[in-house]
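To start, the structure under review is shown below, and the notes come after it.
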Amino acid sequence: MIGDRVEIVVDAGGATRSWDVTATRAGRRVEVAHGRGVVEVSEVTRGGTPVRTARFMSSRVLALVEHPASAAVRLADDEPAALPLPRPAA
C-alpha cells in the first residue's frame, strides 16, 4: 500500500547515514529480508517483482524502522471495506 516506508540508519565510519525506502505507488509494499550478513530492503509490486532494492552489511546497520501506511489512507484501487453480513429474516 502506498505510504509503507522503511528507514535504515547505518554506521558510516564515525558518522551515521540514513536511507528511506518508500512504496511509491498504490499496490506496492516494502519488504525487509536479512541473512548471511546482509540486510535487504525492497519495494515490491503486487505480483512480487522487486522494483528497487537497497542492501546493507548487517554489522553496519544501527537501526531499521518500519513505518506502515496508516489505515486511514484508502485509495481507489485498494480493497473495499468489509461489509457486515446480512441477518436472516426472523
Side-chain angles (χ1 to χ4, degrees):
M1 174 182 283
I2 193 166
D4 283 348
R5 183 170 67 98
V6 174
E7 180 181 357
I8 306 102
V9 181
V10 177
D11 176 21
T16 59
R17 294 195 56 191
S18 63
W19 283 269
D20 283 338
V21 177
T22 306
T24 56
R25 293 184 146 184
R28 291 189 180 169
R29 62 188 183 277
V30 178
E31 292 183 349
V32 177
H34 54 86
R36 301 192 62 101
V38 176
V39 175
E40 185 175 286
V41 181
S42 301
E43 179 184 358
V44 181
T45 63
R46 285 184 181 137
T49 306
V51 177
R52 295 184 308 137
T53 301
R55 290 187 183 99
F56 304 95
M57 292 175 47
S58 61
S59 61
R60 296 288 185 172
V61 174
L62 300 175
L64 191 125
V65 183
E66 297 184 38
H67 301 278
S70 65
V73 176
R74 296 200 60 80
L75 300 173
D77 63 345
D78 287 341
E79 293 180 13
L83 298 174
L85 296 173
R87 294 182 174 221

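Numbers here are sequence positions counted from 1. Reckoned from all heavy atoms, side chains included, excluding hydrogens, waters and symmetry mates.
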Sequence neighbours excluded, which residues qualify as salt bridge (Lys or Arg N to Asp or Glu O under 4.0 Å) partners of Glu7? none
Do you reckon Val41 sits in the same ILVMFWY cluster as Leu62, going by side-chain contacts under 4.5 Å, direct or chained? no
Minimum heavy-atom distance Thr22-Arg52, with the two atoms named: O-NH2, 3.1 Å
Hydrophobic cluster membership, Val38 vs Phe56, 4.5 Å side-chain cutoff: no
Does Arg29 use its side chain to pair, donor to acceptor, with the backbone of Glu43 at less than 3.5 Å? no
Looking at every non-hydrogen atom in both residues, tell me the closest pair between Val21 and Val30 and how far apart they are. O-CG2, 3.9 Å
Treat each ILVMFWY residue as a node, draw an edge where side-chain heavy atoms are under 4.5 Å apart, and state whether Val65 and Trp19 are in one component. no
Restricting to non-hydrogen atoms, name the atom on Asp11 and the atom on Gly13 that form the minimum distance, rounded to 0.1 Å. OD1-N, 3.2 Å
For Arg17, is the CZ atom crowded, meaning more than 12 foreign heavy atoms sit under 6.0 Å from it? no
Exam field: side chain Glu31 to backbone Val44, donor-acceptor pair closer than 3.5 Å: no
Which atom names give the shortest non-hydrogen contact between Ala23 and Arg28, and what distance separates them? CB-O, 3.6 Å
Ionic contact status for Arg5 with Asp20, cut-off 4.0 Å: yes
Minimal non-hydrogen separation, Val9 against Thr16, with atom names: CG1-CB, 4.2 Å
Show your reasoning for whether side-chain contact (heavy atoms from CB on, under 4.5 Å) applies to Val39 and Ile8. CA-CA 10 Å; Val39 175; Ile8 306 102; 5.9 Å; no
